[in-house]
J.: 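Quick one: the structure is below, and I'll ask about it shortly.
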2 protein chains.
Amino acid sequence: MSVLIIGSVALDSVETPEGKVNRAQGGSASYASIASSYWCEPAVVAVIGDDYPKSYLKRMTDRGINIDGVEVVPGGKSFHWSGFYKGTMHEAHTRETSLGVFQDFHPRIPEHLAESRLVLLGNIDPELQLEVLDQLKSPQLVVVDTMNLWINTKRSELLKVLSRADIIVVNDGEARMLAETIAIPECARYLLGLGPKFVIVKKGENGAQLHGHDNYFFSLPSFPVEILNDPTGAGDSFAGGMLGYLSRLPRHDGRHLNQALAVGTIMASFCVEAFSVERTAHLTAEEIKHRLGLLHTYTSFDAVEM
Amino acid sequence: MSVLIIGSVALDSVETPEGKVNRAQGGSASYASIASSYWCEPAVVAVIGDDYPKSYLKRMTDRGINIDGVEVVPGGKSFHWSGFYKGTMHEAHTRETSLGVFQDFHPRIPEHLAESRLVLLGNIDPELQLEVLDQLKSPQLVVVDTMNLWINTKRSELLKVLSRADIIVVNDGEARMLAETIAIPECARYLLGLGPKFVIVKKGENGAQLHGHDNYFFSLPSFPVEILNDPTGAGDSFAGGMLGYLSRLPRHDGRHLNQALAVGTIMASFCVEAFSVERTAHLTAEEIKHRLGLLHTYTSFDAVEM
């Protein structure tokens, strides 16, 4: 089934204890589409300036990503984020955000992409997420990501988006902010009450949880990486990998979502091993298969009899 | 196989956002032995003053726990810890620690207990842990717990203990302190280099990991509890449950340790639902079985094909 990914295609200048990059390929839609491209041929809707390196776009088209929906604003500046991570790299610190052409962005879904069945509404202004939803003809699975900024500044618009979502993907901090309570199961129940079928709570190096109605629950640790170079894009790679895998399945029930979480977990684990999309853009099927097998082994245990 | 648990039998005054208790039953050996008692008939070695409530000891003997090794010092004061937790309760804050009779404690293992095959060296001074090891005739499985205090003040003694351990149980912070590095896989390799067959890294609400030689690895999320009343004793209940389960098995390889981690995880989940040992001391086999089944369901997924 066809996959559409809306988000940012951006430039990132990132510094971590392991090194730094300047104006590297970044943005939620870049990370998510590249991660998903091992499972499907996604299309991206985003905006860039004509300063955006052609080589970065080629990296996407080389992976079969459709960029018909990436609007190029002549004379415009691409979205640029500059930030750093310290110590255990749990938290991103922003040095500067230059919205550039993103400032006046209104996503236009090309006619042939409006039929897309699976949609990832990456972490952008909920008003824009609503504009996207209004242009889609018959979405079957809408996955929504968001961030603390929108929870704080556009709560009512965000709640509208969430009411139209099938799956909400948030990190634990965002879940707590949205639900205004501490216990994650309670946060998940609050979010499920807003309308979606499933809520995914990402906990970074501590894994991810899937919450559904009727107390459906699945919990998965992260994949243990040896090299943590740059956590930027891990969440987007998670969502992209997940959606890519789901696009291959006829149904999206708990059992398949469990597997999709495993795929997302693996794609995130590759992402953090290098800066930008350097690792994620150059994987082999063998590498992905191997790590999926390891994750299964790492988390399986025989039922315990009393 | 016979199980021996060395640690503190203490009084805890604890305050959390959910309530408080005064001079309740506490101490690592209390928690661990009660959790293990659903799987074996453990013996405890510890020291108390004659101020220690008989009802607390009865709670232990009622659960089949052998307290022949619990020394009562006439006129002595029992170990008393007073502390509190705030917010998400991730961290214990100490108000006061009165060592009492623990100050001059030297564990004496009664003759008939010196033959014990499985031993939990609870979180006490590593010098005392060494004294215990010297009194054991033929231990088959030595599990060692410790804490930041001993890592800071008795590092060389602690390293001696760890070199004689089969399994080290630490939390992630302790693993990092011991190994003096951040990445947990690296910490685990350091600890495995000290001698034990397995290293268990507890991450509280984020689950636990099992690391072994030849890259053996298993990771388990925590059991999602609805009610978090008091995290005190969760780690001890985890270790106790684990050891109790292992005492029923002829071998202690990775596969069985995976299961033991599941048992430990479940016992810890009961522990935090009430203050002191109130919940852990009054479980039914049905409750334990049910939660073990849920944990298995919550963590299982079908292998993913590419």
Side-chain angles (χ1 to χ4, degrees), chain A residues 17 38-39 87-89 172 176 182-186 188-189 203-211 215-228 245 248 254-263 266 285-286 288-289 292-306, chain B residues 17 38-39 87-89 172 176 182-186 188-189 203-211 215-228 245 248 254-263 266 285-286 288-289 292-306:
Chain A
Y38 293 90
W39 311 87
T88 53
M89 305 191 216
D172 43 0
R176 288 179 171 129
I182 286 174
I184 294 293
E186 223 175 302
R189 268 197 300 276
K203 306 194 298 167
E205 66 160 350
N206 293 313
Q209 299 181 338
L210 173 65
H211 299 261
N215 292 316
Y216 188 87
F217 181 70
F218 173 62
S219 184
L220 191 66
S222 69
F223 185 90
V225 292
E226 287 292 331
I227 323 149
L228 170 56
Y245 181 68
R248 295 192 171 188
R255 192 177 150 199
H256 292 127
L257 273 157
N258 291 359
Q259 293 184 308
L261 255 74
V263 172
I266 291 305
E286 267 319 303
I288 296 174
K289 238 157 116 170
L292 278 168
L294 282 178
L295 181 64
H296 196 261
T297 306
Y298 289 169
T299 58
S300 297
F301 66 97
D302 300 330
V304 178
E305 305 295 328
M306 254 203 103
Chain B
Y38 293 90
W39 310 87
T88 53
M89 306 191 215
D172 43 0
R176 289 180 170 129
I182 286 174
I184 294 293
E186 224 176 302
R189 270 198 299 275
K203 307 194 298 167
E205 65 161 350
N206 293 313
Q209 299 181 338
L210 174 65
H211 299 260
N215 293 317
Y216 188 87
F217 181 70
F218 174 63
S219 184
L220 192 67
S222 69
F223 185 90
V225 292
E226 288 292 332
I227 323 149
L228 170 57
Y245 181 68
R248 294 192 173 189
R255 191 175 151 202
H256 292 126
L257 273 157
N258 290 1
Q259 293 184 307
L261 254 74
V263 173
I266 291 305
E286 268 319 304
I288 296 174
K289 238 157 116 169
L292 278 168
L294 282 179
L295 182 64
H296 196 262
T297 305
Y298 289 169
T299 59
S300 298
F301 66 97
D302 299 331
V304 178
E305 304 296 326
M306 255 204 101

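Naming convention: chains lettered A, B, ... in sequence-line order (proteins, then strands); numbering from 1 in each chain.
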J.: Would you please test A/Leu261 and B/Phe301 for side chain to side chain contact (heavy atoms under 4.5 Å, CB included) and show each step?
T.: CA-CA 9 Å; A/Leu261 255 74; B/Phe301 66 97; over 6 Å; no

J.: Are the side chains of A/Ile182 and B/Thr88 in touch, meaning some heavy atoms are under 4.5 Å apart?
T.: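 They are in contact (side-chain heavy atoms under 4.5 Å apart), so the answer is yes.
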
J.: Go through the atoms of A/Ala183 and report whether side chain, backbone, both or neither lie under 4.5 Å from a heavy atom of chain B.
T.: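 Contact with chain B involves no heavy atom of A/Ala183 at all.
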
J.: Select one option (side chain, backbone, both, neither) describing which atoms of B/Tyr216 are under 4.5 Å from chain A's heavy atoms.
T.: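 Looking at B/Tyr216, nothing touches chain A.
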
J.: Name the region of B/Ser300, side chain, backbone, both or neither, that has any atom closer than 4.5 Å to a heavy atom of chain A.
T.: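 For B/Ser300, the contact with chain A is made by the backbone alone.
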
J.: As an exercise, state the distance from CG of A/Leu295 to CZ of B/Phe217, rounded to the nearest 0.5 Å.
T.: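 With rounding to 0.5 Å, CG (A/Leu295) is 9.5 Å from CZ (B/Phe217).
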
J.: Can you tell me if A/Gln259 uses its side chain to pair, donor with acceptor, with the backbone of B/Asp302 under 3.5 Å?
T.: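 Between the backbone of B/Asp302 and the side chain of A/Gln259 there is a qualifying donor-acceptor contact (under 3.5 Å).
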
J.: Among B/Ala260, B/Gly87, B/Ser222, B/Ala285, which has the most heavy-atom pairs under 4.5 Å with chain A?
T.: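 Most heavy-atom pairs under 4.5 Å with chain A: B/Ala285.
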
J.: Just so I understand: if I count every heavy-atom pair under 4.5 Å between each of B/Gly293, B/Pro224, B/Gly254 and chain A, which residue has the most?
T.: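 Counting heavy-atom pairs under 4.5 Å, the top option is B/Pro224.
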
J.: Looking at A/Glu305 and B/Arg248, is any side-chain nitrogen of the basic one under 4.0 Å from a carboxylate oxygen of the acidic one?
T.: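 The answer is no: the pair does not qualify as a salt bridge.
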
J.: Does any backbone or side-chain atom of A/Val225 lie under 4.5 Å from a heavy atom of chain B? Answer side chain, backbone, both or neither.
T.: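 For A/Val225, the contact with chain B is made by the backbone alone.
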
J.: Does any backbone or side-chain atom of B/Lys289 lie under 4.5 Å from a heavy atom of chain A? Answer side chain, backbone, both or neither.
T.: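 Both backbone and side chain of B/Lys289 come within 4.5 Å of chain A.
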
J.: I'd like to verify something: which residue of B/Val263, B/Thr297, B/Thr299, B/Ile288 has the highest number of heavy-atom pairs under 4.5 Å with chain A?
T.: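 Looking at each option in turn, the highest pair count goes to B/Thr299.
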
J.: What part of A/Ser219 lies closer than 4.5 angstrom to a heavy atom of chain B: side chain, backbone, both or neither?
T.: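 Both parts, backbone and side chain.
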
J.: Looking at chain B, which one of A/Tyr38, A/Trp39, A/Tyr245 has the largest number of heavy-atom pairs inside 4.5 Å, strictly under?
T.: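 The answer is A/Trp39.
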
J.: Drop me the distance from A/Lys203's NZ to B/Glu205's CD, to the nearest 0.5 angstrom.
T.: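 Atom-to-atom, A/Lys203:NZ and B/Glu205:CD are 5.5 Å apart.
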
J.: Between A/Glu226 and chain B, which part of the residue has a heavy atom less than 4.5 Å away: side chain, backbone, both or neither?
T.: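 It is the side chain, since no backbone atom gets that close.
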
